[in-house]
Amino acid sequence: MSEPTREQIASALRSKPPIALTPGLRLEAEPHGALPLPPSTVWDLPGGTAWVYFGEGNRDLVRPVILADGFNTGPSSLDFSWEGLEFGDYALISELRRRGHDVILLGYHERSASILDNSRTAQAAIMRAIAERRGDTQLAVGGFSMGGLVTRHALAKLEHERVDHQTALYFSYDSPHRGAWVPVALQAFAHCIRVLDSRFSDQLNSPAARQLLWRHIEEWNGVPAQSDERAAFLAEMRNVGEWPRRPRLIGVANGTADGSGTDVRAGELALEGKGLSVVGTELYTQAPGDGELVAKPRVVTLKSNEVRTSGLPSIDGAPGGSLEGFGILADGFNALNPILGFKTDVRIRSHCFVPSVSAVDIRDLDTDEDLYADISALPPEDSGLDEFRLASRNEGHTLVTEELCTWLLDRLP
């Protein structure tokens with residue numbers, strides 16, 4: 001049997017679901033067979049959709065809680081939201097409704113669109129909730145991952161425009177207030193494979209990714225830096241006052257508070273290509289220092305390239321919410337027909353995605369000293385949040401747990 005041509009490989013890749021860096025079920029979890037409950041009503045919003053579930057005993061909107069979706073590719077999915085919020089470790093939607101809260105799951109037409117575009121959708125949802133609410137209970141508004149930034153901007157923007165958002169509580173759930181992280185090795189490989197299938201690269205070069213990522217590269221051989229889009233987003237946040245001032249501001253993090261990182265070590269081989277199309281590919285965890293080798297990407301070429309970085313911290317093993325970035329890439333390749341030559345060995349599946357210090361907005365990400373800081377020993381006023389809670393272990397990004405959710409639920413209006 002002859003080897004597949006470049007065109008056949010490209011066609012095969014594009015016929016499969018895209019490789020997309022997004023949280024999902026834990027590896028040991030079985031897919032849940034249940035379907036989402038039908039919503040009480042659905043709101044068609046500019047740029048998005050809201051699925052509304054009245055609280056137990058409520059016939060109308062009485063105690064609204066808006067939960068905004070996070071970063072991904074394509075439109076928000078009700079099934080995906082329920083998988084994470086209800087069918088995982090803790091049934092958050094059911095518990096909210098049992099306590100009499102009305103759950104508003106806020107989604108977007110495009111999850112990788114600009115945070116500022118999706119902020120307009122969130123602003124519309126807030127005003128719709130006010131218009132349809134019975135009684136005078138103040139809103140709780142927040143979101144998961146990027147959704148916490150979307151709603152943070154939405155509330156601050158409404159205040160900046162002197163619009164009464166009638167919100168008593170803002171909350172974020174493992175949101176990257178000071179930036180998120182995707183290893184340079186993964187970003188470089190995504191851009192190398194773009195000539196065959198651009199979707200992985202497109203996700204990492206999307207407006208939202210450029211705004212979220214602390215360091216970004218647009219091409220495989222780019223120098224990691226703050227993107228222009230992130231700089232503009234941070235300037236817009238300053239323009240609207242950084243944070244909303246009227247509600248109480250709280251947040252939770254899927255990482256530890258004591259500075260203890262994971263077992264991921266800097267400069268370790270995380271992924272190695274074995275199949276003919278990717279043999280020679282080596283992706284490493286981020287190492288500090290100058291001229292550090294982080295990737296040798298090779299995809300259907302005669303030789304591999306080298307990607308080196310300087311001045312970056314040991315961020316992959318930092319305390320925080322993790323993402324199975326290397327694992328997602330390897331699983332996607334190993335699911336392909338072996339004849340295509342994409343067999344891949346993965347030694348390290350996960351990396352830090354949202355460091356603890358970012359999720360509670362208390363330190364920047366530039367140094368190991370800040371990334372691995374003992375947050376419990378830092379002045380709480382260093383954070384933009386009024387109150388925050390961190391997990392007792394480092395766990396998956398936006399993993400819904402009883403530990404974090406009960407703390408949050410006890411603070412809702």
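We count residues from 1, following the sequence as given. This structure is a prediction, so every number in the text was calculated from the model and none was measured. All heavy atoms count here, side chains included; hydrogens, waters and symmetry mates do not.
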_Phe200, Phe333, Phe342 screened by ring pair (Phe, Tyr, Trp, His ring centres under 6.0 Å) with Phe189, the one that passes_ =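 It is Phe333, the one option of Phe200, Phe333, Phe342 that forms the ring pair (Phe, Tyr, Trp, His ring centres under 6.0 Å) with Phe189.
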*State whether the number of non-hydrogen atoms from other residues, nucleotides or ligands found under 6.0 Å of Glu369 atom CD is greater than 12.*
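Result for CD/Glu369: open.
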_Arg308, CZ atom: more than 12 neighbouring heavy atoms under 6.0 Å_ =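 Count over threshold, so yes.
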*Does any pair with a residue in residues 203-259 pass ring-ring contact (aromatic ring centres under 6.0 Å, His included), and if so which ones, sequence neighbours excluded?*
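Listed by first then second residue: His177-Trp243.
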*For Arg230, what residues pass the salt bridge (Lys or Arg N to Asp or Glu O under 4.0 Å) criterion, not counting sequence neighbours?*
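Counting only residues at least two positions away or on another chain, Arg230 forms no salt bridge (Lys or Arg N to Asp or Glu O under 4.0 Å).
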*Pick from Val307, Ile217, Val294: which one makes a side-chain contact (heavy atoms from CB on, under 4.5 Å) with Gln187?*
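Passing option: Ile217.
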_For Tyr170, run the side-chain contact (heavy atoms from CB on, under 4.5 Å) check against Thr151, Ile250, Val141 and tell me which one passes._
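One option only clears the test, and that one is Thr151.
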*Quick one: pull up CG in Asn239 and CG in Leu234 and give me the separation to the nearest 0.5 Å.*
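The distance works out to 12.5 Å.
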*Start with the C-alpha gap between Arg347 and Glu272, add the side-chain angles, then the distance that decides, and say whether salt bridge (charged side-chain N to carboxylate O under 4.0 Å, His left out) holds.*
CA-CA 8 Å; Arg347 303 182 186 183; Glu272 184 177 12; 3.0 Å; yes
_Presence of salt bridge, Arg14 and Asp197, under 4.0 angstrom_ =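 No salt bridge links Asp197 with Arg14.
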*State, without any angle test, whether Ser260 and Asp258 hold a side-chain donor-acceptor pair at a distance under 3.5 Å.*
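Yes, side-chain donor-acceptor contact under 3.5 Å.
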*Check the side chains of Asp69 and Ser76 for a donor-acceptor pair under 3.5 angstrom, ignoring hydrogens and angles.*
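Indeed, the side chains of Ser76 and Asp69 share at least one donor-acceptor pair under 3.5 Å.
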_For Asp366 and Arg215: C-alpha separation, side-chain torsions, deciding distance, then whether salt bridge (charged side-chain N to carboxylate O under 4.0 Å, His left out) applies._
CA-CA 10 Å; Asp366 302 80; Arg215 292 294 180 264; 3.7 Å; yes
*Quick one: does Ser40's side chain have a donor or acceptor within less than 3.5 Å of a partner on Phe54's backbone?*
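At least one qualifying donor-acceptor pair exists.
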